[in-house]
Engineer: 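Structure incoming, see below.
Basis for what follows: all heavy atoms, side chains included, without hydrogens, waters or symmetry-related copies. Residue numbers run from 1 in the order of the sequence given.
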Amino acid sequence: MVHTISNHFTKKVAIIGMGFVGSTAAYTIMLDGVASHVALIDKDKNRAEGHALDLMHGMQFTRSVQVDAGDSFELVKDARVVILTAGISQKTGQTRSKLLDSNVSIFKQIVPQIIKYNKDCILLVVTNPLDIMTYLAFKLSGMPSCRVFGTGTVLDTSRLRYLVGSALQVSPKDITAYILGEHGDSQFVWWSHANIAGVPMSKIPSCSKDFLEEIHQQVKNAVYEVINRKGSTYYAIALVIAKIVKAILLDQSRVFTISTVLQDYHGVSDLCLSIPTVIRSNGICRKLEVEFDNDEEKMFKICAKKIKDGIKETKI
Ligand code: NAD
């Protein structure tokens, strides 16, 4: 199904997987008004087409955008960014790691299909377990590492800023604090460099060690709090996806804690983890070298070991 509105210039984005995350991301990208062309792909053609129709029925209120939909990977042709959300998601009581086997076999099927039609895109991985799936996409695609990355701990970082902001009554926008490492249970807060308007969090009287630990536990449990109540998470991750896509399409040089292929970074290599990274129209242009205190260094190594073990399980 192809509906042409206008095609004078294209800032095309393709989304693979039209479930909760993919469809909400399509909606959010459309509201952002930056993409001129969105392709929606799912193995369930009807679902992809249904979402396309639903989105286009609102076009009176958004910028005009060309929306294509179907089950053919040919639809990724000419896309600047291809977003991978295909796969199964966490169920109540499940960790992200439990999804590995099913999602690995889906990626082994779909990544070569994407490359067949578009070797020049940026691959943005959203499917969990995120860091392992990002590394798998990098390996299966054969693309340079600057063009294959995952949403990483951008969502966790947003949750952290929201929770710190609510507790201290400061806007999340004015809190500089990051979750680094795994998008999963071994993630950690880079507290040694967290600050509000330059004031280190450790110097703020209400930020006791117990308070910081409690906030971190809440960030780690945030996904389960949502899944236990409504089955899946999709609004916040859709906003994350849309902001990363915007940074690419508008060449914004934004810093995000995306999951990226690391080589000799704090002694770890050949895996994906989240660190602050600068993104431009060609993908990653710079990985920032961060300073860790002793505890953070240890936690980073724990994340690395967990992801390395996971990568081994995929047998790539
Ligand atoms: P969902 O089950 O609602 O949707 C998955 C979609 O993928 C389905 O529509 C399915 O038909 C499609 N699909 C499966 N195999 C396919 C194939 N071979 N080709 C094309 N389409 C295929 O799941 P969801 O809630 O949208 O979650 C998707 C993924 O995103 C999960 O792995 C979930 O854990 C992950 N997720 C990641 C984050 C993050 O921060 N990175 C946040 C939320 C969810």
Engineer: With a cut-off of 6.0 Å (strictly less than), are more than 12 heavy atoms of other residues, nucleotides or ligands near NZ of K230?
Structural biologist: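 Yes, the 6.0 Å shell around NZ holds more than 12 heavy atoms from other groups.
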Engineer: Would you check if V189 and V219 make a side-chain contact, meaning some heavy-atom pair closer than 4.5 Å?
Structural biologist: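 With C-beta onward as the side chain, the pair stays apart.
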Engineer: Assess whether a salt bridge exists between E213 and K209, defined as any Lys/Arg side-chain N lying under 4.0 Å from an Asp/Glu carboxylate O.
Structural biologist: no
Engineer: Keeping T257 on the side-chain end and L180 on the backbone end, is there a donor-acceptor pair under 3.5 Å?
Structural biologist: no
Engineer: Do M59 and L53 share a hydrophobic cluster, counting only Ile, Leu, Val, Met, Phe, Trp and Tyr and linking them when any side-chain heavy atoms are less than 4.5 Å apart?
Structural biologist: yes
Engineer: Answer yes or no: does atom OH of Y224 have more than 12 heavy-atom neighbours from other residues, nucleotides or ligands under 6.0 Å?
Structural biologist: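 Count over threshold, so yes.
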Engineer: Of I275, V278, L130, T277, which meets side chain to side chain contact (heavy atoms under 4.5 Å, CB included) against I258?
Structural biologist: T277
Engineer: Would you say that L212 contacts H216 through its side chain, given a criterion of any heavy-atom pair below 4.5 Å between the two side chains?
Structural biologist: no
Engineer: With no hydrogens and no angle check, do the side chains of H51 and D42 hold a donor and an acceptor under 3.5 Å apart?
Structural biologist: no
Engineer: In a check of side chain to side chain contact (heavy atoms under 4.5 Å, CB included) between I29 and each of L55, I83, T24, which one passes?
Structural biologist: I83
Engineer: According to a 4.5 Å side-chain heavy-atom criterion applied to Ile, Leu, Val, Met, Phe, Trp and Tyr, with indirect links allowed, do Y117 and L84 form part of one hydrophobic cluster?
Structural biologist: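 Yes, same cluster.
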Engineer: Answer yes or no for K77 and F73: cation-pi contact, defined as NZ/CZ to six-membered ring centre under 6.0 Å and angle to ring axis within 45°.
Structural biologist: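 No, cation not above the ring by the 6.0 Å, 45° rule.
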Engineer: Are a donor atom and an acceptor atom from the side chains of S259 and S274 found within less than 3.5 Å of each other?
Structural biologist: no
Engineer: Has the side chain of E296 got a donor or acceptor atom that lies under 3.5 Å from a matching backbone atom of D293?
Structural biologist: yes
Engineer: Start with the C-alpha gap between D32 and K243, add the side-chain angles, then the distance that decides, and say whether salt bridge (charged side-chain N to carboxylate O under 4.0 Å, His left out) holds.
Structural biologist: CA-CA 9 Å; D32 250 357; K243 292 305 158 212; 3.4 Å; yes
Engineer: Just wondering, are more than 12 heavy atoms of other shown residues or ligands nearer than 6.0 Å to NZ in K139?
Structural biologist: no
Engineer: Quick one: does R80's side chain get under 4.5 Å of N282's, heavy atoms only?
Structural biologist: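 Yes, their side chains come closer than 4.5 Å.
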Engineer: More than 12 non-hydrogen atoms from neighbouring residues, nucleotides or ligands closer than 6.0 Å to CD on E291, yes or no?
Structural biologist: no
Engineer: Can you classify the ring geometry of F300 versus F188 as parallel (below 30°), tilted (30 to 60°) or perpendicular (above 60°)?
Structural biologist: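 Judged by the thresholds at 30° and 60°, the geometry between F300 and F188 is perpendicular.
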Engineer: Is a donor on one side and an acceptor on the other found under 3.5 Å between the side chain of T157 and the backbone of T153?
Structural biologist: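 At least one qualifying donor-acceptor pair exists.
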Engineer: So H193 and W190, would you call those rings parallel, tilted or perpendicular, with 30° and 60° as cut-offs?
Structural biologist: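 Geometry flag for W190 against H193: parallel rings.
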Engineer: Taking the side chain as every heavy atom from C-beta outward, state whether I132 and L100 have any atom pair closer than 4.5 Å.
Structural biologist: yes
Engineer: Mind checking whether V245 and V34 have side chains closer than 4.5 Å, heavy atoms only?
Structural biologist: no
Engineer: Does I284 belong to the same Ile/Leu/Val/Met/Phe/Trp/Tyr cluster as V255, with side-chain heavy atoms less than 4.5 Å apart forming each link?
Structural biologist: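 No, because I284 and V255 fall into different hydrophobic clusters, even though each may have its own neighbours under 4.5 Å.
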Engineer: Does CZ belonging to F211 count more than 12 external heavy atoms closer than 6.0 Å?
Structural biologist: yes
Engineer: Could you walk me through whether D68 and H37 pass side chain to side chain donor-acceptor pair (under 3.5 Å), step by step?
Structural biologist: CA-CA 8 Å; D68 302 339; H37 186 166; 2.8 Å; yes
Engineer: Pair D251, R280 - check salt bridge (charged side-chain N to carboxylate O under 4.0 Å, His left out), show working.
Structural biologist: CA-CA 5 Å; D251 197 23; R280 297 196 55 180; 2.9 Å; yes
Engineer: Is any side-chain N of the basic residue among K12 and D78 closer than 4.0 Å to the acidic one's carboxylate O?
Structural biologist: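 No, this pair does not count.
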Engineer: Any side-chain heavy atom of I237 within less than 4.5 Å of one from V240?
Structural biologist: yes
Engineer: Using a 3.5 Å distance criterion without hydrogens, assess whether the side chain of Q187 forms a donor-acceptor pair with backbone atoms of G184.
Structural biologist: yes
Engineer: Quick one, I215 and W191 - any side-chain contact, counting heavy atoms below 4.5 Å?
Structural biologist: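 Yes, their side chains come closer than 4.5 Å.
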Engineer: Is a side-chain donor or acceptor of E182 paired with a backbone partner of L273 at a separation under 3.5 angstrom?
Structural biologist: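 A pair under 3.5 Å: no.
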Engineer: Is it true that, when you exclude K119 itself, more than 12 heavy atoms of the residues, nucleotides or ligands shown sit nearer than 6.0 Å to its NZ?
Structural biologist: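 It does not: K119 NZ has 12 such atoms or fewer within range.
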Engineer: Could you walk me through whether Q113 and Q109 pass the side chain to side chain donor-acceptor pair (under 3.5 Å) test, one step at a time?
Structural biologist: CA-CA 7 Å; Q113 286 292 312; Q109 210 186 315; over 6 Å; no
Engineer: Let's go through S36 and Q66 carefully: what are the C-alpha distance in whole Å and the side-chain angles of both, what is the deciding distance for side chain to side chain donor-acceptor pair (under 3.5 Å) to 0.1 Å, and is it a yes or a no?
Structural biologist: CA-CA 6 Å; S36 57; Q66 180 173 334; over 6 Å; no
Engineer: Checking side chain to side chain contact (heavy atoms under 4.5 Å, CB included) against I244, which of V81, I122, L239, L124 comes through?
Structural biologist: L124
Engineer: Say whether, by atom type as modelled, one donor and one acceptor occur between the side chain of S158 and the main chain of V154 under 3.5 angstrom.
Structural biologist: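 Judged by distance alone, no pair lies under 3.5 Å.
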Engineer: Taking the cut-offs as 6.0 angstrom to the six-membered ring centre and 45 degrees off its axis, would you call R161 and Y178 a cation-pi pair?
Structural biologist: yes
Engineer: Would a hydrophobic clustering, with Ile, Leu, Val, Met, Phe, Trp and Tyr connected at side-chain separations under 4.5 Å, put V13 with L250?
Structural biologist: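 Same cluster: V13 reaches L250 through Ile, Leu, Val, Met, Phe, Trp or Tyr contacts under 4.5 Å.
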Engineer: Would you say F149 and V261 make side-chain contact, with heavy atoms under 4.5 Å?
Structural biologist: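 A side-chain contact under 4.5 Å is absent here.
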Engineer: Go through the side-chain N and O atoms of T127 and N103 and say whether any donor and acceptor fall under 3.5 Å apart.
Structural biologist: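 Result is no, nothing qualifies.
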Engineer: Can I106 be reached from I311 by stepping across I, L, V, M, F, W or Y side chains whose heavy atoms are under 4.5 Å apart?
Structural biologist: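 Hydrophobic grouping puts I311 with I106.
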Engineer: Would you confirm whether D54, through its side chain, and G50, through its main-chain N or O, come within 3.5 Å as a donor-acceptor pair?
Structural biologist: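 No.
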Engineer: Is there a donor-acceptor pair under 3.5 Å between the side chain of R147 and the backbone N or O of C121?
Structural biologist: yes
Engineer: Quick check: does any side chain N or O of T85 sit under 3.5 Å from a backbone N or O of G17, one acting as donor and the other as acceptor?
Structural biologist: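 Flag set: sc T85 to bb G17 pair under 3.5 Å.
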Engineer: Answer yes if the side chains of D131 and H183 hold a donor-acceptor pair under 3.5 Å, and no otherwise.
Structural biologist: no
